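Worksheet: the structure to be examined is printed underneath.
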2 protein chains.
Amino acid sequence: MESATLTTRSWLSERRRFVEAGGNTTHSFGLGRMIGRAYALLYLTPEPMALEDIALSLSVSKASASIVVRQLSSWHALRQVWIPGDRRDYYEAETNFSIILKEGIMPGLRKKLQSAGLQIERSMSAESGAVSLDCSRTSEDDRIFTREQRAELRRRLKTAQSLHRRADRVLTSKLLSRFL
Amino acid sequence: MESATLTTRSWLSERRRFVEAGGNTTHSFGLGRMIGRAYALLYLTPEPMALEDIALSLSVSKASASIVVRQLSSWHALRQVWIPGDRRDYYEAETNFSIILKEGIMPGLRKKLQSAGLQIERSMSAESGAVSLDCSRTSEDDRIFTREQRAELRRRLKTAQSLHRRADRVLTSKLLSRFL
DNA sequence: TCCATCGTTTAGAATAAATTAAACGTTCTG
DNA sequence: CAGAACGTTTAATTTATTCTAAACGATGGA
């Protein structure tokens, strides 16, 4: 064992920078900063970490750590590890990104898209059900649409629906997973 | 022209619901609520709208409308329309989603990914540059990594880098655009 | 030129989100 | 059984974001 086992402090400060960069990345994607910081930390920590270690390393309360760990776990981005003779919960990063993508992120995305798709369908049936009247405009809020405009509306709703379907298909298919 | 030109109020309230749903969707994707509301409004409005119309329809100030319109324009999600004899700026929705995706969203995503990729590279060179020492631990903050752990770190950084590259390739390639 | 009408900027207020300390329930240990 | 060590929940605070009103510069008539 002549060659060595202690990394210099420079590497540790580099890891800190990595952690902050992870936080900035997730934050810029609208996911909050803690998520990226926690995952990045565990990604660059070869041994499992206990909740308190995580909290200390990130300089946040145990409560925050608890929440972020739960979030990451629900995305399959973290795996819980039990260490015999230790009551604490240990976590390590799931390093297989396609698992995180397939099991964690994609389902979440699909769920969000689904509610959008529902609204599109509702609007489509509302549009086709909308009775056209010639007179009796009851308020200023009412608006006139020509026949051509109504046709355009229908066209747009159809386009939106087809986009939605294709997006869902992309998320469902293994195609994207294969690439990532 | 016996058949008619005035949609009932029910359609207009449906449009309002569509607008709110759009807002909720973009909000759930971390983009803020106004973006989705504004785009949805213009998407379901066949004629171009002036800034103030948008503000009134969404019940927000002209300042907010101005900001959100600029944002959407930068994504190529809105097109500016000039109406002769009218000083105001009119906007209409870009209904070709692949343009929005290719010109507006993808470049933004790539830019965000790029800064993450930069950090990965920096960490890789820091890791390989990290000198191993046997003694002279200077502070509690220093940590021991075994040779195996350092190898694992390198492996993980490489994995992250390759994921990053593939993600960038997916965003760059026409593949995704073809599907959407 | 002067006034009215735009769209934008900005500083401050309102709103939403993240974070924490403290209380709580559980589980292990002595 | 009592106490300590966990992780979670909650209510309150802090922080960040979003939104607005007012001021501003620019542009186009009168």
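For clarity, every value in this text was computed on a predicted model and none was experimentally measured. Every chain is numbered from 1, with letters handed out A, B, ... down the list of sequences.
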[X] [atom1] - [N] [atom2] separation (whole Å):
| X | N | atom1 | atom2 | answer |
| --- | --- | --- | --- | --- |
| A/R87 | D/dC6 | CZ | C1' | 5 Å |
| A/L51 | D/dG7 | CG | P | 5 Å |
| A/D86 | C/dT29 | CG | C1' | 14 Å |
| B/Q71 | D/dC19 | CD | C1' | 15 Å |
| A/R88 | D/dC6 | CZ | C1' | 9 Å |
| A/L58 | C/dA18 | CG | P | 16 Å |
| A/L78 | D/dG7 | CG | P | 13 Å |
| B/D89 | C/dT5 | CG | C1' | 12 Å |

Closest nucleotide among D/dT8, D/dT9, C/dG7 to the B/S66 side chain: C/dG7
Under-4.0 Å salt bridge between [X] and [Y]:
| X | Y | answer |
| --- | --- | --- |
| B/R17 | B/E20 | no |
| B/E52 | B/K62 | no |
| A/E152 | A/R155 | yes |

Residues A/E127, A/S123; criterion side chain to side chain donor-acceptor pair (under 3.5 Å); working and verdict: CA-CA 6 Å; A/E127 205 289 330; A/S123 293; over 6 Å; no
Intermediate values then yes/no, side chain to side chain donor-acceptor pair (under 3.5 Å), B/S66 and B/R70: CA-CA 6 Å; B/S66 174; B/R70 181 144 37 97; 4.7 Å; no
Phosphate OP1/OP2 of D/dT9: any A/R70 side-chain N/O under 4.0 Å: yes
Side-chain N or O of B/H27 closer than 4.0 Å to phosphate OP1/OP2 of C/dA17: yes
Non-hydrogen atoms of A/R15 and A/T45 that approach each other most closely: NH1-OG1, 2.8 Å
Neighbour count >12 (heavy atoms, 6.0 Å) for atom CZ, A/R122: yes
Distances for protein N/O vs nucleotides 19-25 of chain C N/O pairs under 3.5 angstrom?
residue, atom, partner, partner atom, Å
C/dT20, OP2, A/S61, N, 2.8
C/dT20, OP2, A/S61, OG, 3.0
C/dT20, OP2, A/S64, OG, 3.0

